[in-house]
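First the structure, in the form of structure tokens, and then the observations on it.
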Amino acid sequence: VGYGDYIPVTGIQKIFATTLALGGVALLAYVYNIILTTFQERMSKYSKGARKMKTIEQMDDYYILCGYGRVGKVVYDELNRRQQNVIIFEKNEELCENIEENDSTVVINKDATENNLIAKLSAKKCKSVIISTGDDVTNLFIVLTIREINPDAWIVSRVSKPENFARLRKAGADKLVSPELIGGKDL
């Protein structure tokens with residue numbers, strides 16, 4: 001409000017100076033709050049990611065499940081029933097809200113096609129990679145990514161269109177499953 005060069009004399013000047021001083025303090029408090037909240041959120045996200053990676057490192061062996069839609073949920077339930085360690089890649093966080101993460105289940109809310117994390121994880125203690133997304137192009141890209149890093153990985157992929165069986169097989173999928181064909185035959 002100044003260094004004493006100008007001193008409020010009238011009542012309106014004093015009210016203005018008081019309002020300016022309080023407004024300045026409130027503005028600074030708001031800015032510091034935003035900075036601290038942003039810092040805390042980033043540290044929390046980093047800490048959560050580090051805990052997940054530590055849990056993965058402590059697993060003896062595990063399955064990687066890409067996609068937690070209708071088919072992926074059934075696969076996860078079966079692996080969980082068999083008491084297997086599972087790492088789930090699902091970009092839609094809402095689909096994974098009901099999954100209880102523990103020492104045998106880790107959820108990574110990232111697109112499996114966007115970075116090489118899935119390829120790195122498939123190269124370690126991975127028993128099998130199960131790809132259950134509903135998009136054949138996405139499944140093909142995941143197979144290629146994993147096969148590039150780990151030629152020995154066991155890859156099971158969902159396939160929707162019959163013409164994509166050969167493409168996924170050429171890309172390196174060891175086993176192909178089509179829920180549409182299986183369901184149609186059963187019907």
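Position 1 is the first residue of the sequence; numbering continues from there.
Atom CE of residue Met53 and atom CD of residue Gln58 lie 12.0 Å apart, to the nearest 0.5 angstrom. The CD1 atom of Ile35 lies 7.0 Å from the OH atom of Tyr32; values are rounded to the nearest 0.5 Å. To the nearest 0.5 Å, the span separating CD1 on Ile7 from NZ on Lys14 amounts to 10.0 Å. Separation of atoms CZ (Phe141) and OG1 (Thr113) is listed at 6.0 Å; rounding is to 0.5 Å. How far CG of Leu144 is from CD1 of Ile149: 12.0 Å, rounded to the nearest 0.5 Å. To the nearest 0.5 angstrom, Asn85 atom CG is 5.5 Å from Ser104 atom OG.
Side chain of Ser157 to main chain of Asn139: no donor-acceptor pair is present (N/O by atom type, distance under 3.5 Å, no hydrogens or angles). Side-chain atoms of Lys185 do not come within 3.5 Å of backbone N or O of Glu180 as any donor-acceptor pair. With Ser128 contributing its side chain and Ile155 its backbone, the two residues share no donor-acceptor pair below 3.5 Å. In this structure a side-chain-to-backbone donor-acceptor pair under 3.5 Å is missing from Asp111 to Lys91. In this structure a side-chain-to-backbone donor-acceptor pair under 3.5 Å is present from Gln13 to Val9.
No more than 12 heavy atoms of other residues, nucleotides or ligands shown are found within 6.0 angstrom of CG on Asp103. More than 12 heavy atoms of other shown residues, nucleotides or ligands fall within 6.0 angstrom of atom NZ in Lys52. The number of heavy-atom neighbours closer than 6.0 Å to CD of Gln40, taken from other residues, nucleotides and ligands shown, is 12 or below. For Glu78, the CD atom is densely surrounded, since the number of other residues' heavy atoms within 6.0 Å is greater than 12. Sparse packing is recorded around CD1 of Ile12, with 12 or fewer heavy atoms of other residues, nucleotides or ligands lying under 6.0 Å away.
In this structure, Ser160 and Gly134 approach most closely via the heavy-atom pair OG-O, 3.5 Å. Considering all non-hydrogen atoms of both residues, Arg158 and Asp136 come closest at O-OD1, 4.1 Å. For the pair Thr55 and Val106, the tightest heavy-atom approach, listed with the atom from each and the gap, is CG2-CG2, 3.7 Å. Of all the heavy atoms in Tyr62 and Leu121, the pair that sits closest is OH-O, 2.7 Å. Nearest approach of Ala153 to Ile146, heavy atoms of both residues: CB-CG2, 3.9 Å. Arg167 and Leu140 get closest at one heavy-atom pair: O-CD1, 3.7 Å.
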| Verdict with reasoning, Ile88 to Ile108, per side chain to side chain contact (heavy atoms under 4.5 Å, CB included) | CA-CA 6 Å; Ile88 300 172; Ile108 299 175; over 6 Å; no
| message | Run Asp77 and Lys73 through salt bridge (Lys or Arg N to Asp or Glu O under 4.0 Å) and show every step you take. | response | CA-CA 6 Å; Asp77 289 343; Lys73 182 174 180 348; 3.3 Å; yes
| query | So Lys127 and Asp61, salt bridge (Lys or Arg N to Asp or Glu O under 4.0 Å) or not? Walk me through it. | reply | CA-CA 6 Å; Lys127 281 187 172 181; Asp61 53 15; 3.7 Å; yes
| Full working for salt bridge (Lys or Arg N to Asp or Glu O under 4.0 Å) between Lys54 and Glu57 | CA-CA 5 Å; Lys54 185 176 180 181; Glu57 287 175 11; over 6 Å; no
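There is no side-chain donor-acceptor pair under 3.5 Å between Tyr68 and Ser132. Donor-acceptor pairing under 3.5 Å is lacking for the side chains of Thr133 and Asp135.
The shortest distance between side-chain heavy atoms of Asn102 and Thr105 falls below 4.5 Å. Using a 4.5 Å cut-off on side-chain heavy atoms (C-beta onward), Asp60 and Lys125 make no contact. Side-chain contact between Val86 and Asn80 is absent, with no heavy atoms from C-beta onward closer than 4.5 Å. Phe165 has its side chain out of reach of Arg169: every pair of non-hydrogen atoms, C-beta onward, lies at least 4.5 Å apart.
Residues Asp174 and Arg147 are paired through a salt bridge, judged by an N-O separation under 4.0 Å between the basic side chain and the carboxylate.
The same ILVMFWY cluster, assembled from side-chain heavy atoms under 4.5 Å apart, contains both Ile130 and Leu95. Under a hydrophobic clustering in which Ile, Leu, Val, Met, Phe, Trp and Tyr are joined whenever their side-chain heavy atoms come within less than 4.5 Å, directly or via other members, Tyr63 and Ile142 fall into different clusters. In the hydrophobic clustering of this structure, Val137 does not group with Val156; members are Ile, Leu, Val, Met, Phe, Trp, Tyr whose side-chain heavy atoms approach within less than 4.5 Å, directly or through other members. There is a path of hydrophobic side-chain contacts, each under 4.5 Å, that joins Ile87 to Val129. Cluster membership check: Val177 does not share its hydrophobic cluster with Phe89, using side-chain heavy-atom separations under 4.5 Å among Ile, Leu, Val, Met, Phe, Trp and Tyr.
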